[in-house]
Amino acid sequence: MEETSTQPSWLQDSMKKGLILGVIHIFIFIILYTLLPSKLTGFSYLALILVLNIGYSIYQGRQWRSEVGGFLEYGAAFKYAFMLLLFNGLIYTIFSAIFLIIDPSFPEVMSQSQLDTSVYWAEKFGAPEETVDQMKEKFDFEDIEKRYSYSGMLMGVGIAIIFYAIGAFIFGFFIRKERPVEF
């Protein structure tokens with residue numbers, strides 16, 4: 001009887017891990033949107049998502065490297081991280097589109113949150129009251145609401161793909177491990 005070793009597919013594994021990361025993002029989003037929607041446009045939320053993506057991608061990439069024998073070239077590490085991030089982004093975008101159907105007021109809530117965040121930081125850095133008032137007057141709710149519409153989501157995916165590629169480019173260096181050269 002012939003023995004065959006079936007090595008898991010890097011694509012399947014990265015998609016599975018991307019799905020898990022996407023679910024984590026959705027869970028965090030739902031909690032914050034329910035309890036503190038103003039935090040979704042703050043720097044702390046952005047920092048949390050960045051740290052989560054970086055840590056999770058590198059950790060899962062290293063896990064994958066261990067599963068395939070402990071060595072992984074840079075190109076394979078880049079592809080793995082990129083697909084993980086891309087699949088995560090697609091899952092989150094699909095969720096966002098569905099969420100927009102469930103809660104049509106989502107763009108208005110996020111637009112108001114963006115204004116509140118901007119005012120908070122302006123006041124925190126000591127902006128004069130007339131500057132804060134001008135900022136409120138010039139704030140374009142329609143423009144911000146468009147970012148949370150279906151067309152805004154599509155444009156966001158395009159921009160996110162660029163950031164996923166940059167992230168995967170960097171994460172690949174942390175994931176890869178070359179075989180030692182033997183003479």
Tabulate below the donor-acceptor pairs under 3.5 Å that side-chain atoms of residues 17-31 make, not counting sequence neighbours, or state none.
| residue | atom | partner | partner atom | Å |
| --- | --- | --- | --- | --- |
| K17 | NZ | D13 | OD1 | 3.3 |
| K17 | NZ | D13 | OD2 | 3.4 |
| K17 | NZ | Q60 | OE1 | 3.3 |
| H25 | NE2 | N53 | OD1 | 2.8 |

Let me confirm one number: the [atom1]-[atom2] distance from [X] to [Y], rounded to the nearest 0.5 Å.
| X | Y | atom1 | atom2 | value |
| --- | --- | --- | --- | --- |
| L32 | T41 | CG | OG1 | 10.5 Å |
| S57 | L84 | OG | CG | 5.0 Å |
| I58 | I170 | CD1 | CD1 | 9.0 Å |
| R147 | E142 | CZ | CD | 13.0 Å |
| S38 | Q112 | OG | CD | 10.5 Å |
| Y120 | D116 | OH | CG | 12.5 Å |

For the residue pair [X] and [Y], what are the closest heavy atoms and their distance?
| X | Y | value |
| --- | --- | --- |
| I175 | R62 | CG2-N, 4.1 Å |
| S111 | E145 | CB-CG, 3.8 Å |
| T117 | G42 | CG2-CA, 4.1 Å |
| K39 | S44 | CD-OG, 4.4 Å |

Between the side chain of [X] and the main-chain N/O of [Y], is any donor-acceptor distance below 3.5 Å?
| X | Y | value |
| --- | --- | --- |
| R179 | F71 | no |
| S113 | P37 | yes |
| S105 | E108 | no |

Task: Listed once per pair and sorted, the side chain to side chain donor-acceptor pair (under 3.5 Å) pairs that draw on residues 154-176, sequence neighbours left out - done: none
Open item on the list: Side-chain heavy atoms nearer than 4.5 Å, only ILVMFWY residues, links allowed to pass through others: does that put L11 and L72 together?
Closed with: yes
TODO: Tell me yes or no: between the side chains of N88 and Y56, is some donor less than 3.5 Å from an acceptor?
DONE: no
Quick check: are there more than 12 heavy atoms from other residues, nucleotides or ligands sitting under 6.0 Å from [atom1] of [X]?
| X | atom1 | answer |
| --- | --- | --- |
| Y59 | OH | no |
| E73 | CD | no |
| Y150 | OH | yes |
| M155 | CE | no |

Examine [X] together with [Y] and report whether their ring centres are nearer than 6.0 Å.
| X | Y | result |
| --- | --- | --- |
| F106 | F99 | yes |
| W10 | Y80 | no |
| F173 | F171 | no |

Task: side chain to side chain contact (heavy atoms under 4.5 Å, CB included) evaluation trace for E67 with W64 - done: CA-CA 5 Å; E67 285 183 36; W64 172 252; 4.0 Å; yes
